[in-house]
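Structure, as structure tokens:
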Protein chains: 2
Amino acid sequence: MTSVEEPARPNGRIRDAARTKAEILDVATTEFARAGYDGARVDEIAARTRTTKRMIYYYFGGKEQLFTAVLERAYSVIRQAEQELDVEHLDPVAAIRRLAEVTFDHHEAHPDFIRLVSIENIHDAAHITASEELGRIGSPALEVTGRILRAGRESGLFTADVDAVDLHALISSFCFFRVANRHTFGALFGRDLTAAEQREHYRTMLGDMVIAYLTADRSAD
Amino acid sequence: MTSVEEPARPNGRIRDAARTKAEILDVATTEFARAGYDGARVDEIAARTRTTKRMIYYYFGGKEQLFTAVLERAYSVIRQAEQELDVEHLDPVAAIRRLAEVTFDHHEAHPDFIRLVSIENIHDAAHITASEELGRIGSPALEVTGRILRAGRESGLFTADVDAVDLHALISSFCFFRVANRHTFGALFGRDLTAAEQREHYRTMLGDMVIAYLTADRSAD
DNA sequence: TGACTAACGAACCAGTTCGTACATAACTTG
DNA sequence: CAAGTTATGTACGAACTGGTTCGTTAGTCA
């Protein structure tokens, strides 16, 4: 997520709009993810930047718009990762398992993003709803998923009555919960869902769960 | 969650410690769930009460302790619901399905609780960790779940390698995600996971998923 | 019944927080 | 290189916010 490279310049006033803007976004992402929207302090974000609070208002307009910009960039990262998804050459079962694994890995790799999503939900997705940019992006992975599901159903492998959106919800829920709720879960049940040595266990568990669900014998129904 | 009954008394100063305390907790629960910890305002909580801010500090000590008290009460509600769980007379498959349904229903019925859990996770479960009361309560349902799982495995019905805690995570994740992330999910994918007409679909989906996972044919492994 | 205490209310305070007014320096372009 | 534009830093303030101070009243018990 850190996209600012140090130009290793001496200090003194430098004019580099792109760098300043990107640096503010980087710091703001960390700060909002750490403390929540209301918990985050504009002064604190500015202080961790090589520029001043003035620039936050100059480039983004205010705290609210800054948070929206943070969300927009965070979502664009997933969209990009999804577009690189290459599973259509696999058979349906392997493709879905791969999709689940990619989702799992992405959640694990971006805990800050998970926190931002939690925070945005506490605010009833007000910023996403207001953002034109976020309204336009669907999810590139959904179409791929839809095609795989159709192929799996046509070949008789998949029996479950779900569409791509439902399947996405099912996969995401497990990945999301494991990262987002690890603190309360750990405190209450004494198990760290994100412990490194459990990683493979949960990754396999997710894949098994999804495939078992999709391919379950429903002849008794 | 609303536990304060109106005594229908005329106004003027009344002395009722229990009522005042409970009313503060009720209002604080709503307010924290609505705005998050930092977003919630002590003045606002007081204003929505029939008493004053002074009483919040008198009874709870401060904002932080008030939030902890809110969490403690919210968790005690589930613990109680879990203790009323009566599934051990059912066969393993029916028992687990029932467990999943009860969890599903509880999440749906208590969206405020879900929000509080999200909020607490943003704060790294600091309050739960600090609370003695919350440290003591495990989860009464876990032992029941463990017995069912063992019975299912002994009878050869269940093949999955999971314990009660993992199963609880699996079930909770779907129920939690559906409620907690409904706003961002709805905004991005145009589907309201909590729409009334979809309720049965997702409730069934959860049960099917859990049972399919637990009973999947693993002879090929 | 009168003294004591738990419960309560109004006003206030000190520190914080978002946002802005003003000044100025660094590039760009004619 | 002069004039204009873009980018940047400093200082400040009005409103808010968690927490407290001080005083009062309702219940209760010797």
Side-chain angles (χ1 to χ4, degrees), chain A residues 4 6-32 34-70 119 123 126-127 130, chain B residues 4 6-32 34-70 119 123 126-127 130:
Chain A
V4 170
E6 304 288 318
R9 287 248 236 132
N11 40 359
R13 207 183 259 187
I14 314 167
R15 291 165 63 92
D16 187 340
R19 186 191 68 70
T20 302
K21 223 174 151 179
E23 189 176 1
I24 291 172
L25 270 181
D26 285 346
V27 174
T29 298
T30 306
E31 191 60 12
F32 279 124
R34 188 186 63 78
Y37 177 78
D38 292 288
R41 299 288 163 235
V42 177
D43 281 300
E44 180 65 22
I45 294 171
R48 297 193 184 201
T49 297
R50 268 171 300 177
T51 183
T52 64
K53 185 165 56 154
R54 174 73 182 77
M55 290 296 98
I56 293 176
Y57 287 88
Y58 182 70
Y59 283 118
F60 298 97
K63 188 180 185 181
E64 202 105 10
Q65 292 106 303
L66 176 60
F67 183 66
T68 302
V70 164
I119 292 161
H123 295 87
H127 308 91
Chain B
V4 170
E6 304 289 315
R9 289 250 234 130
N11 41 359
R13 207 184 260 187
I14 312 167
R15 290 166 64 93
D16 188 341
R19 187 190 69 70
T20 301
K21 223 174 151 178
E23 188 177 2
I24 291 172
L25 270 181
D26 284 345
V27 174
T29 298
T30 305
E31 193 59 12
F32 278 124
R34 188 186 63 78
Y37 178 77
D38 291 288
R41 298 289 164 235
V42 178
D43 281 300
E44 181 65 23
I45 294 171
R48 296 193 184 200
T49 298
R50 269 171 298 178
T51 183
T52 64
K53 186 164 57 155
R54 174 72 181 76
M55 289 297 99
I56 293 176
Y57 288 87
Y58 182 69
Y59 283 119
F60 297 96
K63 188 181 185 181
E64 203 105 10
Q65 293 104 304
L66 176 60
F67 184 66
T68 302
V70 163
I119 292 161
H123 295 87
H127 308 91

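Hydrogens, waters and symmetry mates play no part in the numbers below; they use all other heavy atoms, side chains included. We name chains A, B, ... by the order of the sequence lines, and we start the count at 1 in each one.
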Distance check needed: [N] [atom2] versus [X] [atom1], whole Å only.
| X | N | atom1 | atom2 | value |
| --- | --- | --- | --- | --- |
| B/Asp16 | D/dT25 | CG | C1' | 16 Å |
| A/Asp38 | C/dT16 | CG | C1' | 14 Å |
| A/Glu31 | C/dT17 | CD | P | 11 Å |
| B/Ile56 | C/dG9 | CD1 | C1' | 13 Å |
| A/Ile24 | D/dA7 | CD1 | C1' | 11 Å |
| B/Met55 | D/dT21 | CE | C1' | 13 Å |
| B/Ile14 | D/dG27 | CD1 | C1' | 13 Å |

* Using a 4.0 Å heavy-atom cut-off across all strands, classify A/Thr51 as base, sugar-phosphate, or nothing. => sugar-phosphate
* To do: Scan A/Ala46 against the nucleic acid and name what it touches under 4.0 Å (heavy atoms): base, sugar-phosphate only, or nothing.
  => nothing
Check side-chain contact (heavy atoms from CB on, under 4.5 Å) between [X] and all other residues, then give those that pass, not counting sequence neighbours.
| X | answer |
| --- | --- |
| A/Gln65 | none |
| B/Ala40 | B/Glu31, B/Phe32 |
| B/Thr51 | B/Thr20, B/Ile24, B/Thr49, B/Met55 |

* Asked: Can you find a heavy atom in the side chain of B/Arg48 that is under 4.5 Å from one in the side chain of B/Asp43?
  -> no
* Asked: Between B/Arg50 and B/Ala47, is there a donor-acceptor pair closer than 3.5 Å when you use the side chain of the first and the backbone of the second?
  -> no
* For A/Tyr57 and for B/Arg54, locate the closest nucleotide of DNA chain C by heavy-atom distance; then report the residue assigned to the nucleotide nearer the 5' terminus. => B/Arg54
* Short side-chain N/O contact from B/Thr20 to OP1 or OP2 of C/dC8, under 4.0 Å -> yes
* When you check the phosphate oxygens OP1 and OP2 of D/dG18, does a side-chain N or O of B/Arg41 lie under 4.0 Å from one of them? -> yes
* Contacts to DNA chain C from residues 58-68 of chain B, heavy-atom cutoff under 4.0 Å, which residues? -> B/Tyr58, B/Tyr59
* Under the 3.5 Å rule, do the base of C/dG9 and the side chain of B/Lys53 count as making a donor-acceptor pair? -> no
* Classify the side chain of A/Arg15 and the base of D/dT6 as holding, or not holding, a donor-acceptor pair under 3.5 Å. => yes
* Output every pair passing ring-ring contact (aromatic ring centres under 6.0 Å, His included) with a member in residues 41-64 of chain A, not counting sequence neighbours, ordered by first then second residue. => none
* Could you pick out which residue, A/Asp43 or A/Thr52, lies toward the 5' side of DNA chain D when each is mapped onto its nearest nucleotide? => A/Thr52
* To do: Apply side chain to side chain donor-acceptor pair (under 3.5 Å) to A/Arg54 and list each qualifying residue two or more places apart in sequence or on a separate chain.
  => none
